[in-house]
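Before any comments, here is the structure.
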Amino acid sequence: MIVAGFILLAVGAADLVRQFAPRRWIGYLTVTVVLLLLGSVSDALLPMALALVVGALWVWSMPTERPAPLGFWPAVLLAVVSVGAVVGFGARPDAGLIGAVWRLRSPFGEVPFDLALLALGAGVFLLESANLVVRAALDGEHTWRPADPAATPVTAVADTAAAAETAAASETAAATETDDEVASAPRDPRGGFKGGRLIGPLERILVLILTLAAAYPILAAMLAAKGIVRFPEISRDGETGARAEYFLVGSLVSWVIALGAAFLVWWAAHS
């Protein structure tokens, strides 16, 4: 259990650091120090060291700037290792120094440190790492995805070449405006905002919480509501079905990840 907790926490924290930190090495160093402290006080230095190795391999195999070189397989291997660690090893009888002072009560009873660390690692993994897994699944299946307005990928150059003359004409017309008019033009702060990067983590956290709380009717209603909200967009998809495929693949992979994390925590709590 402690092995899976450290691995998921290391992977999830590394992905959060490289997503938001301007100087990544400072973030990586901070994550390493925190994991070292947790491993020391919980008598789990070996699982902590293994987690650092797995986290480094994950960052290499699941980049954020380009498609994953190994595709979807790192996520599969990580799932196998996490499930094997929880099912095969179970809980430890002694959690080291922190186990002597650790007290955490919940509506379901006493929560051991190892279980709390596993739940924390699963939650952190669902924030950004799961987004990378969903993206790798979409890329692996060559599923259509909406164009990113903040960047022009190499594969989209051919698709945008036909609009070059129109864009040039628009730029020529815009060049006739005065500097004051350009400076006073309102700018939409939501431009380029990737809603899926926020909706996905929130949705997975809710799935994790509702599944562990056995609130299955609420969970089913939430998942059904997402389909209802997206139905008008999907219904305008035409004959290609690209948007529907994008929605189904992305949503199903995201839900499977969240349900898998809930299964790990549930199994660890009842083992």
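Any value given below was found using the heavy atoms of this structure, including those in side chains, with hydrogens, waters and symmetry copies removed. Quick note: residue numbers are just sequence positions, from 1.
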Out of curiosity, does [Y] fall in the hydrophobic cluster containing [X] (side-chain heavy atoms, cut-off under 4.5 Å, transitive links)?
X	Y	answer
Phe113	Leu46	no
Trp266	Leu120	yes
Val41	Leu45	yes
Val59	Leu50	yes
Leu223	Leu248	no

Minimum-distance pair of heavy atoms, taken over all atoms of [X] and [Y]:
X	Y	result
Ala10	Ala51	CB-O, 3.5 Å
Met222	Leu210	SD-CD1, 4.4 Å
Val265	Ala119	CG2-CA, 4.0 Å
Asp114	Ala95	OD1-CB, 4.3 Å
Phe89	Met1	CB-N, 4.1 Å
Leu208	Ala261	CD1-C, 3.9 Å

Can you find a pair of side-chain heavy atoms, one from [X] and one from [Y], that are under 4.5 Å apart?
X	Y	answer
Gln19	Leu132	no
Glu128	Asn131	yes
Asp43	Leu97	no
Phe6	Val54	no

I'd like a table of donor-acceptor pairs (distance under 3.5 Å, sequence neighbours excluded) in which one partner is a side-chain atom from residues 64-88, with atom names and distances.
unit_1	atom_1	unit_2	atom_2	d
Glu65	OE2	Arg24	NH1	3.3
Glu65	OE2	Arg24	NH2	3.1
Ser82	OG	Leu78	O	2.9

Could you state the interatomic distance from [atom1] ([X]) to [atom2] ([Y]), rounded to the nearest 0.5 Å?
X	Y	atom1	atom2	value
Thr211	Leu206	OG1	CG	10.0 Å
Leu127	Leu16	CG	CG	5.5 Å
Leu115	Leu118	CG	CG	6.5 Å
Ser251	Glu203	OG	CD	6.0 Å
Phe125	Ile7	CZ	CD1	11.0 Å

query = Short question: side chain of Trp102, backbone of Val111 - any donor-acceptor pair under 3.5 Å?
reply =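 Checking the backbone N and O of Val111 against the side chain of Trp102, a donor-acceptor pair under 3.5 Å is found.
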query = Do Arg92 side-chain atoms and Ile2 backbone N/O form a donor-acceptor pair below 3.5 Å?
reply =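 Between the backbone of Ile2 and the side chain of Arg92 there is no qualifying donor-acceptor contact (under 3.5 Å).
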Below 3.5 Å, can you tabulate the donor-acceptor pairs from side chains in residues 26-40 to any protein atom, sequence neighbours excluded?
unit_1	atom_1	unit_2	atom_2	d
Thr30	OG1	Ile26	O	2.8
Thr32	OG1	Tyr28	O	2.8
Ser40	OG	Leu36	O	2.7

Trace of the side-chain contact (heavy atoms from CB on, under 4.5 Å) decision for Leu126 with Val207 = CA-CA 10 Å; Leu126 294 179; Val207 170; over 6 Å; no
inquiry  = Using the salt bridge (charged side-chain N to carboxylate O under 4.0 Å, His left out) criterion, which residues pair with Arg105? Sequence neighbours excluded.
reply    =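 Arg105 satisfies salt bridge (charged side-chain N to carboxylate O under 4.0 Å, His left out) with Glu110 only.
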